[in-house]
Amino acid sequence: MGGWKQGLLALAVALAPAWGGGAAAKTPADQLVIGASLAQVLSLDPGQATESGSWLITSNIYDRLVSTDPNDATKLVPQLAESWDIDGKSIVFHLRDAKFASGNPVTAEDAAWSLRRMVKLNQAAASLWKPYGYDDTNIDSMLEVVDPKTFRLKLPEGTIAEFVLFALSGNNGAVIDKVEASKHEANGDFGNAWLRANSAGSGPFVLRRWSPNEIILMDRNDAFWGGAPAMKRVAVRHIAESQVQRLLLERGDIDVATALAASDIAAFDGKPGFVTQRVPTGGFYVLAMNTQNQYLANPDVRRAIAWGLDYAGMQKTIMGPYGRVRQVPVPENYPTALPDPGYTLDVAKAKALLAKAGVPDGFPLVLKTIAETPRVDLATAIQASLAQIGIKVAIEQGNGSQIIAAHRARDFDLLMPLTGGGNMADPIGSLQNFTYNPDNGPDGNSGYFTWRSAWDIPELTRLTVQARGEEDRAKREALYTEIQKTFLASGPAILPMFERFSPVVVSANVENFVGQGFRGVRLDIVKKKAE
């Protein structure tokens, strides 16, 4: 066996849980062990965390008022709200009897406070609400506690109730224990510093430990309103190396692998004892271009880059189950989704566009990416492709916090951002990140990719706002088509390359693990087969 393989195996053995012994190690029957990359987990405060890596955790330590059906992301289902009524001007939620892990009852005041704090924290999570008309100047007037179990959320003018409900079903709609969180408030932060690494929810699990880039432990909440989960503990282990994660899954030292390279996923195809899931996310692998860069400000340069990438080669050798070529910011199977514009690696066309832009000899750029699968391999492929048209790309790798900070600060030339799904299984949920930028000024941070690329797009923004407020479905879908056409004609600064899937491999011993691209996997119904 080669030295590098021996090293991997030694590392796999070292990473194996203390209870796993021998070649036929198995995780305990009442514990679920998940292999993952935790590089994207920067905070576990649902009012702050928007990165998809945190959703698995927040989806299980918190409840939302509503959720979506695990098998149909277009269908809203009750969670803390047993039911709701819509009267055109507001949504009235009727809460179930439930308790937080602290023992405090879940009340309408907790629901109202949680939304108020999320908006007033004014961090990335709040940006998902601003397009619907909620901000720190009006949120107080939009919230009404009718009684301890009834909560009214008023709808701003021109806001569609269905879109607000889908927004509530996401991570930022989590209901937090106001009493418990308020005990830890410091300097008016609504308990944010404490909630970054602690939990105050009513979900099926309670956060017990988070060691960044090492492990997250969640223990069963025996008082969970839905009944005590079968799993006593969930351990999410940071295993960034795909081959190590594969070895641990094959050995039985982990139950689920969520960060495998395409080649390692292929090794499980048809293999007895394992099930592979390819979960649609509604999101994309994207190449973000910062228009503050003198070259990238030119739409023809951006068009040259679009024609300078080997999509088919990347699909075949890198993406595999992680994605399919998609160059329009609406998933292929959504209503109104336009066909791809047909970008391929066309060196002659790309060079002609660079000459038209006045830079026939090319120029240097830096591409920033998180050091994890499959982004690093994509970055290397992009570097090689663009070299053929004269653009010299240097790659700068970093951890999640470093790359996210650079993206949020507009401190990059090219960047491969974290690609969560849209916040609903509707074209507007995926379009907004690409077509909405109401204030491109230095202080206008909307949280969307458009602002982070400094891409000023008043016409696309106008169309997006119009579509978001159009209640007539036929008219709204006509606007979706117009938005896509306008986007493609613009030489976009945020280039979708691949529709993103989230492949996971699950031990056949695990039942009811249903991958979720929009919400994070809910683990209260997961159990293991009896031996």
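With hydrogens and angles disregarded, a donor-acceptor distance shorter than 3.5 Å links the side chain of Thr435 to the backbone of Leu431. Side-chain atoms of Gln383 come within 3.5 Å of backbone N or O of Val393 as a donor-acceptor pair. Between the Arg375 side chain and the Thr369 main chain, no donor and acceptor come within less than 3.5 Å of each other. In terms of modelled atom types and a separation under 3.5 Å, the side chain of Asp346 and the main chain of Trp307 share no donor-acceptor contact. Of the possible donor and acceptor atoms, none in the side chain of Ser114 sits under 3.5 Å from a partner among the backbone N and O of Val175. At least one donor-acceptor pair closer than 3.5 Å links the side chain of Gln79 to the backbone N or O of Arg64. Checking side-chain atoms of Arg302 against main-chain N and O of Gly491 turns up a donor-acceptor pair under 3.5 Å. Judged by distance alone, the side chain of Gln48 and the main-chain N or O of Leu44 form no donor-acceptor pair under 3.5 Å. Gln466 contributes no side-chain N or O that, together with a main-chain N or O of Leu479, makes up a donor-acceptor pair within less than 3.5 Å. Remark: the backbone N or O of Asn437 is paired with a side-chain donor or acceptor of Thr461 at under 3.5 angstrom.
Ionic pairing of Lys130 and Asp135 is not present here: no N-O contact between side-chain nitrogen and carboxylate oxygen is shorter than 4.0 angstrom. Salt-bridge annotation for Arg462 and Glu459: present, with a side-chain N of the basic residue lying under 4.0 Å from a carboxylate O of the acidic one. Note on Asp45 versus Arg117: salt bridge recorded, some NZ/NE/NH1/NH2 to OD/OE distance being below 4.0 Å. Taking 4.0 Å as the cut-off between side-chain N and carboxylate O, Arg522 and Asp63 count as a salt-bridged pair.
Atom NZ of Lys89 sits in a sparse spot, with 12 or fewer heavy atoms from other residues, nucleotides or ligands closer than 6.0 Å. When the shell of 6.0 Å around NZ of Lys392 is examined, it contains more than 12 heavy atoms from other residues, nucleotides or ligands.
Relative to the six-membered ring of Tyr311, Arg324 misses at least one condition, a distance below 6.0 Å or an angle of at most 45° to the axis. Annotation: cation-pi pair Arg500/Phe284 absent, no NZ/CZ under 6.0 Å from the ring centroid and within 45° of its normal. Both tests hold for Arg410 against Trp451: distance to the six-membered ring centre under 6.0 Å, angle to the ring axis within 45°.
Using a 4.5 Å cut-off on side-chain heavy atoms (C-beta onward), Glu241 and Gln245 make no contact. Looking at heavy atoms from C-beta onward, Leu415 lies out of side-chain contact with Met289 at the 4.5 angstrom threshold. Side-chain atoms of Arg468 and Tyr436, non-hydrogen and from C-beta on, do get closer than 4.5 Å to each other.
The CZ atom of Arg303 lies 7.0 Å from the OG atom of Ser490; values are rounded to the nearest 0.5 Å. Remark: Met314 CE to Leu345 CG distance equals 9.0 Å, nearest 0.5 Å.
Taking all atoms of both residues into account, the shortest heavy-atom contact from Val119 to Asp136 is CG1-N, 3.5 Å. Closest non-hydrogen pair, Gly469 versus Ile160, comes out as C-CD1, 4.1 Å. Nearest approach of Tyr448 to Gln432, heavy atoms of both residues: CD2-O, 3.5 Å. Between Val66 and Leu165 the shortest heavy-atom distance is CG2-O, 3.4 Å.
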Steps toward side-chain contact (heavy atoms from CB on, under 4.5 Å) verdict (Glu477, Thr481)
CA-CA 6 Å; Glu477 291 189 346; Thr481 299; 5.8 Å; no

Evaluate Phe513 against Ile34 for side-chain contact (heavy atoms from CB on, under 4.5 Å), listing each step before the verdict.
CA-CA 11 Å; Phe513 185 98; Ile34 300 172; 4.3 Å; yes

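Side-chain contact of Asp255 with Ser507: a donor-acceptor pair under 3.5 Å is absent, judged by distance alone. Of the N and O atoms on the side chains of Glu372 and Ser37, at least one donor lies less than 3.5 Å from an acceptor on the other residue. Under the 3.5 Å distance criterion, with hydrogens and angles disregarded, a donor-acceptor pair is assigned to the side chains of Tyr480 and Asp426. Using modelled atom types, one finds no donor on one side chain facing an acceptor on the other under 3.5 Å when comparing Asp413 with Asn290. With no hydrogens or angles considered, a side-chain donor-acceptor pair links Asp87 and Ser90 at under 3.5 Å.
No close placement of the Tyr322 and Phe501 rings is indicated, their centers lying 6.0 Å or farther apart.
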